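Shown next, in structure tokens, is the structure this report addresses.
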Amino acid sequence: MGSEVSKQVERRKAIAAEKKTLCDLHQSCGEEFPSCAYKPSDRKNWMAGVNPEKLHINKIVWPGTHDSATNKIGVPCITRPFAQCQNLSIYQQLEKGNRVLDIRIQEDRKVCHGILLTYNIDVVINDVKKFLSETQYEIIILEIRTEFGHEDPPEFDKYLVDQLGEFLVPQDDHVFDKPISELLPKRVICVWKPRKSPQPKAGSPLWNAGHLKDDWIDTDLPSTKFESNLKNLSNQPPASSRKFFYRVENTVTPQADNPVLCVKPVTGRIHGFARLFITQCFSRGIADRLQIFSTDFIDEDFVDACVAVTYARVEGKA
């Protein structure tokens, strides 16, 4: 018992020290980067505002959400706090400016996070289609994967094509060099990541797992995650020369050996340092690698920061 208490005391000290490290870095470096004051006048249509004819796919810093469809997961006040990473619906996130959705499903097409379940994938698709019907130039990256430990839903690729066919941007490496205006009216880059079923091939309406990569760091220590993100990002080629999307996530994850297991207070340890991360990308000479930047509990300032870097790139300031 005493050793366990001692272990938890040391864990709390480590977390406090890492939070202080980020706070000290913020105090010394601030959060200034090219066009950092830029804010879209209409977040729902921010890509339209940046200029679709100049906005190439590989110039976008895509604001994204981690475990996007968890706003109603589990049982309220009982299991939900352990798996909820977003409090907004898919439509509300898109309206706020999110453009990358991370969806996990199981064999019956229910969205899940681990063992906890929420609504059917139809809810996600309907929200996406509603948003697309209300906008003209906004491009969405829709990543759907079979959750670890589950089987692939039968004929799920056919379902996605049936539901989104008119909007799907076919898998083609040339897409990265194109401006948004050349993709229209296609507006969804749908990355399907089955566990056992065949991966989509070149020319398919769906994109395969090799086109959206990340280096997931499973930790609840904020400075450790922050620095690991920077290191992994530095190992990537510039976004302008990549033929895949690369994601870093401004999140930390509850750990089983720590008594704090609810997502919100844990991920809150890093949540406020998104602009600091972008600033560090510039100061360390790796801002040209930044592409998809995802978060838990997305907010307007996070979206604005990503859009600001996108705007700076289009204007030749970054």
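Only heavy atoms go into these numbers, but all of them, side chains included; no hydrogens, no water, no symmetry mates. Keep in mind that what you see is a predicted model, and the values were worked out from it rather than measured.
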Backbone N/O of [Y] and side chain of [X]: donor-acceptor pair under 3.5 Å:
{"X": "Glu138", "Y": "Leu132", "result": "no"}
{"X": "Arg275", "Y": "Cys36", "result": "yes"}
{"X": "Arg109", "Y": "Pro153", "result": "no"}
{"X": "Gln106", "Y": "Cys112", "result": "no"}
{"X": "Asp220", "Y": "Val252", "result": "no"}
{"X": "Thr70", "Y": "Asp67", "result": "yes"}
{"X": "Gln199", "Y": "Ala209", "result": "yes"}
{"X": "Arg43", "Y": "Glu95", "result": "no"}
{"X": "Gln171", "Y": "Leu206", "result": "yes"}
{"X": "Gln84", "Y": "Ile73", "result": "no"}

Report the C-alpha distance between Gln255 and Asp218 in whole Å, list the side-chain angles of each, state the deciding distance to 0.1 Å, and finish with yes or no for side-chain contact (heavy atoms from CB on, under 4.5 Å).
CA-CA 8 Å; Gln255 300 297 302; Asp218 187 14; 2.9 Å; yes
Salt-bridge present ([X], [Y]; N to O < 4.0 Å):
{"X": "Arg247", "Y": "Asp214", "answer": "yes"}
{"X": "Asp177", "Y": "Lys243", "answer": "yes"}
{"X": "Asp102", "Y": "Arg145", "answer": "yes"}

With side chain to side chain donor-acceptor pair (under 3.5 Å) as the test, pick out the partner of Thr65 among Thr251, Thr295, Asn98.
Asn98
Pick out which of Lys130, Lys96, Glu134 makes a side chain to side chain donor-acceptor pair (under 3.5 Å) with Tyr91.
Glu134
Mind checking the [atom1]-[atom2] spacing from [X] to [Y]? Nearest 0.5 Å is all I need.
{"X": "Trp62", "Y": "Ile140", "atom1": "CH2", "atom2": "CD1", "result": "9.5 Å"}
{"X": "Asn45", "Y": "Tyr137", "atom1": "CG", "atom2": "OH", "result": "10.0 Å"}
{"X": "Ile270", "Y": "Lys19", "atom1": "CD1", "atom2": "NZ", "result": "12.0 Å"}
{"X": "Asp122", "Y": "Lys110", "atom1": "CG", "atom2": "NZ", "result": "11.0 Å"}
{"X": "Thr118", "Y": "Leu116", "atom1": "OG1", "atom2": "CG", "result": "10.0 Å"}
{"X": "Leu22", "Y": "Phe226", "atom1": "CG", "atom2": "CZ", "result": "6.0 Å"}

For residues [X] and [Y], is any side-chain donor paired with an opposing acceptor at under 3.5 Å?
{"X": "Asp173", "Y": "His211", "result": "yes"}
{"X": "Asn87", "Y": "Gln92", "result": "no"}
{"X": "Arg242", "Y": "Gln291", "result": "yes"}
{"X": "Tyr38", "Y": "Glu315", "result": "no"}
{"X": "Tyr119", "Y": "Asn71", "result": "yes"}
{"X": "Asp172", "Y": "His174", "result": "yes"}

What verdict does the side-chain contact (heavy atoms from CB on, under 4.5 Å) test give for Ser197 and Asp157, after you've listed the backbone C-alpha separation in whole Å, the side-chain angles of each residue and the deciding distance to 0.1 Å?
CA-CA 9 Å; Ser197 303; Asp157 51 351; over 6 Å; no
Regarding Lys264 and the six-membered ring of Phe297, is the cationic atom NZ or CZ under 6.0 Å from the ring centre and inside 45° of its axis?
yes
Measure from NZ or CZ of Lys225 to the centre of the six-membered ring of Trp216, then state whether that distance is under 6.0 Å and the direction lies within 45° of the axis.
yes
Starting from [Y], can I reach [X] by hopping between I/L/V/M/F/W/Y residues whose side chains sit under 4.5 Å apart?
{"X": "Ile139", "Y": "Ile144", "result": "no"}
{"X": "Phe131", "Y": "Val111", "result": "yes"}
{"X": "Ile141", "Y": "Ile180", "result": "yes"}
{"X": "Val175", "Y": "Phe167", "result": "no"}
{"X": "Trp207", "Y": "Leu142", "result": "no"}

4.5 Å side-chain heavy-atom contact, [X] and [Y]:
{"X": "Lys213", "Y": "Gln236", "answer": "no"}
{"X": "Val100", "Y": "Phe245", "answer": "no"}
{"X": "Val260", "Y": "Ile15", "answer": "no"}
{"X": "Lys72", "Y": "Val123", "answer": "no"}
{"X": "Arg12", "Y": "Asn258", "answer": "yes"}
{"X": "Met47", "Y": "Ile60", "answer": "yes"}
{"X": "Asn250", "Y": "Asn229", "answer": "no"}
{"X": "Arg313", "Y": "Leu290", "answer": "yes"}

Test side-chain contact (heavy atoms from CB on, under 4.5 Å) on Leu101 and Gln93; report intermediate values, then the result.
CA-CA 9 Å; Leu101 298 170; Gln93 291 174 39; 4.0 Å; yes
Where [X] and [Y] come nearest, the two heavy atoms and their spacing:
{"X": "Gln280", "Y": "Ser283", "answer": "O-OG, 3.2 Å"}
{"X": "Tyr246", "Y": "Asn232", "answer": "OH-CB, 3.4 Å"}
{"X": "Asp296", "Y": "His271", "answer": "O-CE1, 3.1 Å"}
{"X": "Cys190", "Y": "Leu168", "answer": "CB-CD2, 3.6 Å"}
{"X": "Thr135", "Y": "Arg187", "answer": "OG1-NH2, 2.5 Å"}
{"X": "Ile125", "Y": "Tyr159", "answer": "CG1-OH, 3.6 Å"}

Side chain to side chain donor-acceptor pair (under 3.5 Å), that's the test. Do Asn126 and Gln163 meet it? Break it down for me.
CA-CA 9 Å; Asn126 289 338; Gln163 291 293 317; over 6 Å; no
Can you tell me if [X] has over 12 outside heavy atoms packed within less than 6.0 Å of its [atom1]?
{"X": "Lys44", "atom1": "NZ", "answer": "yes"}
{"X": "Glu182", "atom1": "CD", "answer": "yes"}
{"X": "Leu184", "atom1": "CG", "answer": "yes"}

Take Glu107 and Lys196, measure what salt bridge (Lys or Arg N to Asp or Glu O under 4.0 Å) needs, and give me the verdict at the end.
CA-CA 12 Å; Glu107 48 270 22; Lys196 297 180 181 179; over 6 Å; no
His26 vs Phe273 aromatic rings, parallel, tilted or perpendicular, using cut-offs 30° and 60°?
perpendicular
